[in-house]
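Working notes, beginning with the structure itself.
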Protein chains: 2
Amino acid sequence: MTERPLACSQHNHDHCIDDALSAARTLCAERGVRLTDLREQVLALIWDSHKPLGAYTLMEMLSEESTRRVAPPTVYRALDFLLEQGLIHRINRLNAFVGCPSPEHQHHSHFLLCNDCGVAVELESDKLDKDILSAARNAGFSVEAHSLEVTGLCARCQTGKV
Amino acid sequence: MTERPLACSQHNHDHCIDDALSAARTLCAERGVRLTDLREQVLALIWDSHKPLGAYTLMEMLSEESTRRVAPPTVYRALDFLLEQGLIHRINRLNAFVGCPSPEHQHHSHFLLCNDCGVAVELESDKLDKDILSAARNAGFSVEAHSLEVTGLCARCQTGKV
DNA sequence: CCAGAAAGGTTATATAGTAACATAACCACT
DNA sequence: AGTGGTTATGTTACTATATAACCTTTCTGG
């Protein structure tokens, strides 16, 4: 049987956030980079759901949380850091950012995006990676990175919509 | 041996433009939609190279060609039409648009993007399509569309850069 | 020719992202 | 603790991308 991705199933989401944050702390410590309060706050907000969050939405959330006004560069710098460390991914199609559930190994950005509920599910498949690589090589291309964005309906949103 | 995509090889580019425009005219006639002067002009400008073109660059080019000032909505409406008809693709990563070499059949947007010369080569592979579909289905997803953007170096730009 | 539809023009504005420079926090060394 | 370099954040202004709303023109079918 097919196994639903966690994000599309009932789950205690607090675990997602907690796990993501502690994984991030560990990783940053190992790498000798600083997961500052701001960066951690941004990461937590992004992990608030499995739905991609735009930089400006994030900015408003930060402003609300902290009395002080937060300007775009503040948010983008935090996002850049998190992207560099592989703690979040960017969804180009949506100009938005979503948490990475497995930041400990570098990987490409492959997502299933539900048009109905907005959830973003990361798709990890070695086979797909290889296929993309070989298709590109056949065209004489040397690959640096790739991103795949699949839109459709997640398992949960399909039920009762046939 | 690997066969280079046309866009990365020496070729008489006038043929690309002419072919694209006549294919577009035929298709639009068949479909009973109007390829107006403006839309054709935009399509021709996009086909001016194999490199994705931003909407505002396009706008400047149009303004230069026509004495009158061209405003954003004009460009975006033409682009929307061309996208709907499958005559161009949008490269999300670049916020830019590139001509589709085979608009007669609907297909997903899969591109190889050269970081050096900026060329965008369309990658068509039934195998890849199937693999993406089955990977998504395994996660319980029903697929509507997908886009793949691979970055790297095209065949031509690799030579002498090992 | 006329009415309705489609396309394009115009103005204003929303949304996304960056440049440049000032200030503050952190850290290593004395 | 004091100092100086580095990293992070604050602040202002701006560039780039995209759309809303409304009006005018052009096309098309009766």
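A, B, ... follow the sequence lines: proteins, then strands. Residue 1 opens every chain. No experiment lies behind these values; they were computed from the predicted model shown.
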B:Asp131/B:Lys127 ion pair, N-O < 4.0 Å: yes
Residues 18-38 of chain B vs salt bridge (Lys or Arg N to Asp or Glu O under 4.0 Å), sequence neighbours excluded, gives B:Arg25-B:Glu40
Does B:Arg34 make a side-chain N or O approach to OP1 or OP2 of D:dC27 shorter than 4.0 Å? no
Can you check the A:Met59 CE to D:dT12 P distance for me, whole Å? 13 Å
Where along nucleotides 16-23 of chain D does protein come under 4.0 Å, by heavy atom, of base (B) or sugar-phosphate alone (S), with - for untouched nucleotides? -BBBBB--
How close or far is atom C1' of C:dA7 from atom CG of B:Leu79, stated in whole angstroms? 15 Å
Do A:Glu122 and A:His89 have side-chain atoms, one donor and one acceptor, less than 3.5 Å apart? yes
Here's a test of your reading of the structure: between B:Ala71 and B:Leu38, which maps to the more 5' nucleotide of DNA chain C? B:Leu38
For A:Arg68 and C:dA24, give me the distance from atom CZ to atom C1', rounded to whole Å. 13 Å
Determine whether a donor-acceptor pair (N or O, by modelled atom type, separation under 3.5 Å) exists between the side chain of A:Glu149 and the backbone of A:Arg93. yes
Between atom CG in B:Leu82 and atom P in C:dG8, what is the gap in whole Å? 10 Å
So what does B:Thr74 touch, heavy atoms closer than 4.0 Å: a base, only the sugar-phosphate, or nothing? base
Distance, rounded to the nearest Å, where B:Arg39 contributes CZ and C:dA6 contributes P: 11 Å
Calculate the interatomic distance between A:Glu40 atom CD and D:dA8 atom C1'; express it in whole Å. 16 Å
B:His105-B:Glu124 side chain donor-acceptor pair, cut-off 3.5 Å: yes
Would a single hydrophobic cluster contain both B:Phe97 and B:Leu113, if residues Ile, Leu, Val, Met, Phe, Trp and Tyr are joined by side-chain heavy-atom contacts under 4.5 Å? no
Atom CG of A:Leu35 to atom P of D:dA8: distance rounded to whole Å? 11 Å
Any donor-acceptor N/O pair, B:His13 side chain to B:Trp47 backbone, under 3.5 Å: yes
Length of the CD-C1' vector between A:Glu84 and D:dT7, whole Å: 13 Å
